[in-house]
Amino acid sequence: MQEKYHPQEIESDAQRHWEASAAFSAVEIPGKPKYYCLSMFPYPSGKLHMGHVRNYTIGDVLSRYRRMQGYNVLQPMGWDAFGLPAENAAIQNNVPPAQWTYDNIAYMRKQLQSLGLAIDWSRELATCAPDYYRWNQWLFLRMLGKGLAYRTTGAVNWDPVDQTVLANEQVIDGRGWRTGALVEKREIPMYYMKITAYADELLETLSVLPGWPERVKTMQANWIGKSFGVDVIFPADTHSGMPQALKVFTTRADTLLGATYVAVAAEHPVAQYAARGNPKLAGFIEACKHGATMEAELAVQEKKGMNTGLFVIHPLTEAKLPVWIANYVLMGYGEGAVMAVPAHDERDFEFATKYSLRIRPVIKPSESNLTIPLAQAYVEHGVTFDSGEFSGLEFQAAVDAIAAALEQKGLGEKRVHYRLRDWGISRQRYWGCPIPLIYCDACGVIPVPDDQLPVVLPEDLVPDGAGNPLAKTPSFYECACPQCGKPARRETDTMDTFVDSSWYYIRYACAGQDTAMTDASVNYWLPVDQYIGGIEHAILHLLYSRFWSKVMRDLGLVKFDEPFANLLTQGMVLNEIMFRKTETGRVTYFNPADVDIQTDEQGKRIGALLRADGQPVESGGIGTMSKSRNNGVDPQKLVEHYGADTARLFMMFASPPEQTLEWVDTGMDGAFRFLKRLWKQVYEHVRQDVPAADPAQGKDVDGELKALHFQLHQTIAKVSDDLGRRHTFNTAIAAVMELMNTLGKLEDSSPAARSLTQESLEKIVLLLSPIVPHICHALWRELKPGTELLDQRWPQADSTALVQDEIELVVQVNGKLRGQIRIAKDTKREVIERMALESGQVQKFIAGKTVKKVVVVPGRLVNIVV
RNA sequence: GCCGGGAUGGCGGAAUUGGUAGACGCACGGGACUCAAAAUCCCGCGACUGUGAGGUCAUGGGGGUUCGAUUCCCCCUCCCGGCACCA
């Protein structure tokens with residue numbers, strides 16, 4: 001055995017050994033319990049970042065731990081290979097996105113392999129491969145056939161200079177990121193998937209996911225947002241010229257009598273109608289086009305509106321209510337119209353105050369009165385008043401009565417509403433999965449026949465930033481109508497990349513199956529037993545995946561209801577964001593590693609300069625490591641310098657996995673030091689001939705060895721629990737470090753001590769092996785020559801070793817620590833109380849006071865209340 | 001703005017079910033070894049106070065429940081994630 005720890009040597013040796021023995025290739029073994037451990041696949045952005053290392057190390061630790069427990073483990077890997085960054089890189093470097101993507105995959109695969117992950121690489125997939133996205137297209141057509149996919153219009157960000165659709169990310173302060181031009185909202189035809197048809201099931205089955213974090217389930221439930229309300233029809237006041245009735249949805253029908261106006265979206269037909277021959281209104285509608293599309297911006301933007309001069313009739317009071325156009329009402333969210341109750345809705349109150357509209361209170365707290373006029377909206381539930389026959393009712397009674405009255409008049413009814421909206425999947429982009437449809441002048445929209453799938457995306461185009469290159473490539477879009485054979489035009493929109501990632505975990509199970517989307521092996525491996533990925537995916541990706549797999553289930557392609565039995569949402573690895581902004585609003589990001597921080601004498605930060613040009617850069621706070629913000633940390637240097645094991649160990653030790661981690665690499669040395677110490681301990685031990693095992697094995701010996709033996713088994717129990725149940729890898733590592741510290745201090749050289757040392761080192765190597773597999777692989781061969789670590793079972797804690805006959809109790813006076821007592825395990829309560837009162841400093845603190853109460857918590861403490 | 005999280009020494013974090021706050025590690029300080037440095041090993045390390053044993057304070061801020069609160073409840077501040085075309 002070498003004296004020194006050489007990570008590079010032992011890591012490449014271990015990796016070669018695993019590869020040569022195909023150690024991680026997964027095969028279905030009927031009857032053996034399976035464990036499908038899946039980490040979210042990476043976007044091939046160029047290099048790994050620390051978030052990847054965290055994600056994949058967690059997955060690897062769990063995979064290796066389960067394997068040692070006898071599970072048949074599948075841990076696959078692939079690439080979420082379509083997407084926007086490839087197009088941006090293409091524009092920048094004049095290279096086709098395909099080439100950039102494949103180069104990145106090749107590089108990142110090497111990086112992943114250097115981490116020593118127990119992955120079955122034979123199942124690797126990339127979503128940009130035709131044999132993968134073919135099935136996106138195939139399933140989309142099935143959904144179209146079942147009415148689960150449909151075509152309608154949707155709003156997009158339009159850059160008038162580049163004549164192109166922008167992603168939300170490409171809109172900065174309302175301007176296009178490349179052109180700086182003011183972005184407009186445009187309505188264009190798009191395809192949608194009817195996720196709302198599954199809203200109820202998606203909500204209900206959250207309750208059968210005990211292995212999901214509460215916070216994720218809460219977020220999904222809120223996102224789906226099931227609410228019970230009433231559809232209300234406001235008939236047109238035809239005298240005012242109002243062309244149609246308006247339908248609105250409200251969850252606060254109890255406030256209906258307080259409605260003083262109705263607001264419609266700028267895109268609403270009534271708004272369009274009112275604007276005819278009214279330049280001021282037309283101008284306002286035009287201005288609304290430059291408003292926000294994103295909900296976050298919408299919620300904070302200044303509320304603006306304009307009176308149309310049209311009126312509707314209040315369905316119950318028959319009062320005339322003015323119809324306004326408001327920038328906070330969006331077409332495509334519900335009916336594109338809302339009733340406004342300024343007295344009981346904050347947004348309406350703000351709007352009514354601004355435009356001097358009527359505020360009519362109709363709800364008051366049950367026990368008191370409102371101060372009128374209101375200083376702010378009263379939004380709580382209360383009791384109706386000033387509402388004619390509906391006065392004096394509590395919330396639900398008022399809603400019921402008003403809904404019944406509306407229903408009788410044919411002007412409304414109760415309805416369940418979901419906040420969830422259908423999933424728009426059309427993207428006016430090149431680097432994505434083509435939507436398999438053909439437009440024929442004679443036959444209309446025609447699906448590409450199954451035997452002509454996949455519609456292959458040409459891989460040699462280079463986008464120039466101005467529109468989708470597919471729409472400029474006749475060889476792609478020119479085709480024959482499958483129905484009549486006449487010349488027709490192929491759809492040039494591609495699918496949202498969330499489609500690709502909604503079922504990749506299913507495809508891993510049947511990788512290489514080229515005649516069907518799934519096969520029998522899917523039912524062996526699925527559902528995923530443990531899914532691991534960033535908390536940022538808590539809603540969209542996970543919800544789309546749940547939806548997509550339910551559609552597949554209903555098509556008979558899979559048998560499970562929920563794709564991910566257990567979910568571990570890792571916290572994000574954050575890093576500082578550094579950037580510069582030009583006058584046009586164009587932003588360039590710089591990697592924090594290329595920036596020097598300027599400090600004053602007290603070490604306080606005064607600025608930051610880019611090392612390359614010495615010019616200042618701005619700090620955008622800290623945020624998730626991402627390609628777009630260029631704040632990723634490449635783990636490559638760490639792996640090269642310390643080895644993969646140190647990088648893995650440090651990552652796992654730095655914090656518990658669910659917690660956000662602000663990246664700092666101080667501490668890396670500590671992890672490396674620990675591995676060197678472990679190596680040295682084993683080296684010092686095996687250097688001497690190991691004597692025959694002493695049957696005593698530390699059990700009947702006293703003092704130091706007994707304590708070590710106890711700690712060893714306590715550590716086995718703790719590490720097993722931390723890895724398997726709690727997923728707190730940091731505390732598992734800390735426990736092993738403590739054990740190592742004790743072992744290092746052992747000064748006994750008896751045969752019993754040697755055999756206990758051997759046992760301890762073996763167990764330590766086994767316990768650490770999921771986290772630092774390479775060094776453990778090498779050390780195991782030294783400790784147990786002729787055997788392989790991968791064939792070993794997870795150690796069991798010896799319960800007899802954990803029995804203690806004496807325990808220590810803490811003694812408190814008024815909740816403050818004042819002493820300790822050692823007692824036999826089954827000491828009676830009265831004896832404990834007496835001992836506590838006599839112990840340590842206790843007398844001093846109870847002298848002259850009356851003992852009111854003595855609280856004894858068995859096995860823990862005694863609290864004396866005076 | 002809305003939804004979900006978070007805040008504990010100089011730093012990362014621990015305290016698992018309401019029961020000894022600061023495990024483990026980093027950084028730092030002191031010492032040993034060395035011609036010297038690195039590496040390694042040993043000791044110390046929340047703040048204030050005391051010669052000392054010890055005492056007091058302290059888990060973002062304010063209030064509450066409890067014999068006892070980092071943990072539960074209410075209010076507030078700041079930070080992070082998501083908000084439907086970044087992935």
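Reminder, nothing fancy here: chain letters follow the sequence lines and each chain counts from 1. Hydrogens, waters and symmetry mates are skipped; everything else that's a heavy atom, side chains included, is used.
Distances shorter than 4.0 Å separate none of the side-chain N or O atoms of A/N222 from OP1 or OP2 on B/C2. Here A/N730 reaches the OP1 or OP2 of B/A14: one of its side-chain N or O atoms lies under 4.0 Å away. Of the side-chain N and O atoms in A/R215, none sit less than 4.0 angstrom from OP1 or OP2 of B/G6.
Paired with A/D422 under the rule side chain to side chain donor-acceptor pair (under 3.5 Å), one option of A/Y150, A/Y191, A/Y192 passes, and it is A/Y150.
In this model, a donor atom of one side chain and an acceptor atom of the other lie less than 3.5 Å apart for A/Y642 and A/D669.
When distances are taken from the side chain of A/N741 to each of B/C24, B/U40, B/C67, the shortest belongs to B/C24. Comparing atom distances between the A/V855 side chain and each of B/G13, B/C67, B/A23 picks out B/C67 as nearest. Side-chain atoms of A/A654 lie closest to B/G12 of the nucleotides B/C26, B/G12, B/G4. Listed nucleotides B/G13, B/U20, B/C26 differ in distance to A/R673; the shortest reach to its side chain belongs to B/C26.
Annotation: B/G22 and B/G31 have their C1' atoms spaced 26 Å apart (nearest Å). Nucleotides B/A53 and B/G64 are separated by 37 Å at their C1' atoms, to the nearest Å. Taking the P atoms as reference points, B/G50 lies 26 Å from B/G61, given to the whole Å.
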One character per nucleotide, please: for nucleotides 71-87 of chain B, 5' to 3', B when the base has a protein heavy atom closer than 4.0 Å, S when only the sugar-phosphate does, - otherwise.
---------SBSBBBSB

Base, backbone or nothing for each nucleotide of nucleotides 51-58 of chain B, written B, S, -, heavy atoms under 4.0 angstrom, 5' to 3'?
---SSSS-

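Heavy atoms of A/K718 sit under 4.0 angstrom from at least one base atom. Backbone-only contact: A/V865 has heavy atoms under 4.0 Å from sugar-phosphate atoms and none from a base. Heavy atoms of A/R347 sit nowhere under 4.0 angstrom from any nucleic acid atom.
In terms of position on RNA chain B, the residue among A/V300 and A/T218 whose nearest nucleotide sits closer to the 5' end is A/V300.
Rounded to an integer number of Å, the gap from A/L678 CG to B/C24 P is 18 Å. What separates CD of A/Q301 from P of B/C2 is a distance of 16 Å, to the nearest Å. The CD atom of A/Q812 sits 16 Å away from the P atom of B/G18 (whole-angstrom rounding).
The partner of B/G50 cannot be assigned: no Watson-Crick or G-U wobble pair with both contacts below 3.5 Å exists in any strand.
Side-chain rings of A/F672 and A/F650 stay apart, their centers remaining 6.0 Å or farther from each other.
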